[in-house]
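Worksheet for the structure shown next.
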Amino acid sequence: MKFENNIDFAMQLDSNDPLHSYRMKFHVPKTAEGKDVIYFAGNSLGLQPKTVRAFVEQELLDWEKMGVEGHMLAKYPWLPYHEFLTAQTAMLVGAKPDEVVHMNSLTVNLHLMMVSFYRPTKERNKILIEANAFPSDHYAVQSQIKFHGYDPAECLMEMNPRDGEVTIRTEDLLDRIEKEGDSIALVMFAGVNYYTGQAFDLEKITAAAHKKGCMVGFDLAHAAGNLKLELHKWECDFAVWCSYKYLNGGPGAIAGAFVHQKHLLDMTIPKFWGWWGQDKATRFLMGHNYQPIPTVESWQLSNPPILQLAALRASLDIFDEAGMDALRAKSEMLTGFAEYLINENNNGNIEIITPAAASERGCQLSIRAKQSGKALHSRLNDAGVICDWREPDVIRIAPVPLYNTFEDVWNFVRLLFT
Ligand SMILES: *Cc1c(COP(=O)(O)O)cnc(C)c1O
C-alpha cells in the first residue's frame, strides 16, 4: 500500500479498517485530562478486555456459592477448566490440541522444557541462543547448563549480529548451526527478539537444527498473538510463551507451552512429575504409580489458577473472533504506516533498528534516538504516550492491531518530532 503523510489519510485507514470496532472491547487508559492515552506498550502488558471482569466474576461467584464443589459443579467446572482454552490456543499457535497447554509462568515453563529437551552429553552439550536474548532466558539456560554439571563459559554459545549490525542475518545463523551443530544439544531462540523486534525464521532454524541432530525450542513471548505461527508444521520440539503481552491475559498471567506430538508418547524423555500430569481417570485414586496423560498436559505439575485462566479465556475469545489472518494483515499496515511516517518526518535523530521487511518483524518498532533519548521518552510520556525505554538508547513502540488505530500512529509520530 502507498501511504500518505497526512491526518486525513490516517483517518481514512481507520474508517476502512475491518477491525476498527475491536478497540471498543478494551479498556484504554486515560490521561489526567481524561483523553485516551496512545498505548504502545502491548508488547509489555496488553490492555484489559472489557469481558474479563464477567469471566472472573463467574468463578468468584461459583467459589462463593459452592466452595470445593465448584471443581465439578461450577458453570465451567474447575477440574477440566484449562481444557476450555485448548482449541483456541491450538489455533493461535498452529498446533494440534494435544500439543498445547497453559500452566505456570514463562520462565518456569522454559525450565520444565529444558529438563526434557536439554540433554547434554560429553560431545554434544551446548545451547545456542541470541546474544541479546531477554535476561530471564539467559539466566535459565546458564543455570540449566550448570545444573547438568557443565560450565556456561564453555557451553553457552551466543549468536551475535555481524560487526556494525544490530540484527542477525538468517543465513549467518543457519551457517553457524551447520558448522557447529554437532556440539549443540539445544537451539533456544526467541520468536521475536524483545529488544530489536526482529522476527526469526522459525521454520528454517528448526530444519537446520534438526539436520544436525539438535533439539529446538522457541521462546514466543513476543510472537504469540503477534505473528502467524505454525508450530506443528514447523516441527520445533517445544515452545513457551507468556500470556500478558500480546495475549492480554493480565499481569503475571498463566503461560503457554507447546510440545510437538512426536514427543508426547516417548516415555524415555526426562520430565518432572506432579499430580496434574497424572492420567485423568486415575488421578483421584491417589495412588503412587505415575501414569502420564498422553498429551502435553503431562507436563503440568499443579492444579492451575482458575481466575487467571478465566481472564485469559476472555481474551482468547476475542482472538478467535478476529482471527490471526486479519490481525496480522492490519498489524503489517499499522507498523508499516508508523515506519513510513517516521522516515518521512525524520529529523536525523531517529534510527529504526527493527528490520524493514514485514516477514522479519511483528507489531514492534525499536527506535534508536541518537541524542537525548531518555528526555525524548519522558516528553512522549508527559504527552500521553505509553511506550517503553530500554537502555541505552531505544524506545520500543508496539502498535497492536486489536486496539491501536492509524490515528494513534499519526499522533505518536507528530509528538516524536515536536
Ligand atoms: C517477557 C519475557 C520474559 C518474562 O518472563 P516471565 O517468566 O514471564 O517473568 C521472559 N523471556 C522473554 C523473551 C520475554 O519477552
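Counting convention: from 1, in listed order, for ligands and their atoms alike. One-based numbering along the sequence shown.
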(message) Hydrogens and angles aside, do Thr86 and Gln88 bring a side-chain donor and acceptor to less than 3.5 Å of each other?
(response) no
(message) I need the contact type for Asp137 against ligand 1. Using non-hydrogen atoms and a strict under-4.0 Å cut-off, is it side chain, backbone, both or neither?
(response) side chain
(request) Using atom types as modelled and distance alone, determine if a side-chain donor or acceptor of Gln300 lies under 3.5 Å from a backbone N or O of Trp276. (result) yes
(request) Give the atoms of ligand 1, by number and element, whose distance to some non-hydrogen atom of Tyr244 is under 4.0 Å. (result) 1 (C), 4 (C), 5 (O), 6 (P), 8 (O), 9 (O)
(message) Heavy-atom distances under 4.0 Å decide this one: backbone, side chain, both or neither, for Asp219 against ligand 1?
(response) side chain
(request) May I ask you to list the atoms of ligand 1 that are less than 4.0 angstrom from any heavy atom of Lys245? (result) 1 (C), 2 (C), 3 (C), 14 (C), 15 (O)
(request) Check ligand 1 against Thr107 and write out every atom of the ligand that is under 4.0 Å from a heavy-atom position of the residue. (result) 5 (O), 6 (P), 7 (O)
(request) State whether the side chain of Asn345 and the backbone N or O of Leu341 hold a donor-acceptor pair below 3.5 Å, judged by distance alone. (result) yes
(message) Which of the numbered atoms in ligand 1 are under 4.0 angstrom from any heavy atom belonging to His222?
(response) 15 (O)
(request) With rounding to the nearest 0.5 Å, note down the distance linking CH2 in Trp299 to CE in Met103. (result) 8.5 Å
(request) Anything under 30° is parallel, anything over 60° is perpendicular, the rest tilted; go ahead and classify Phe189 against Phe200. (result) perpendicular
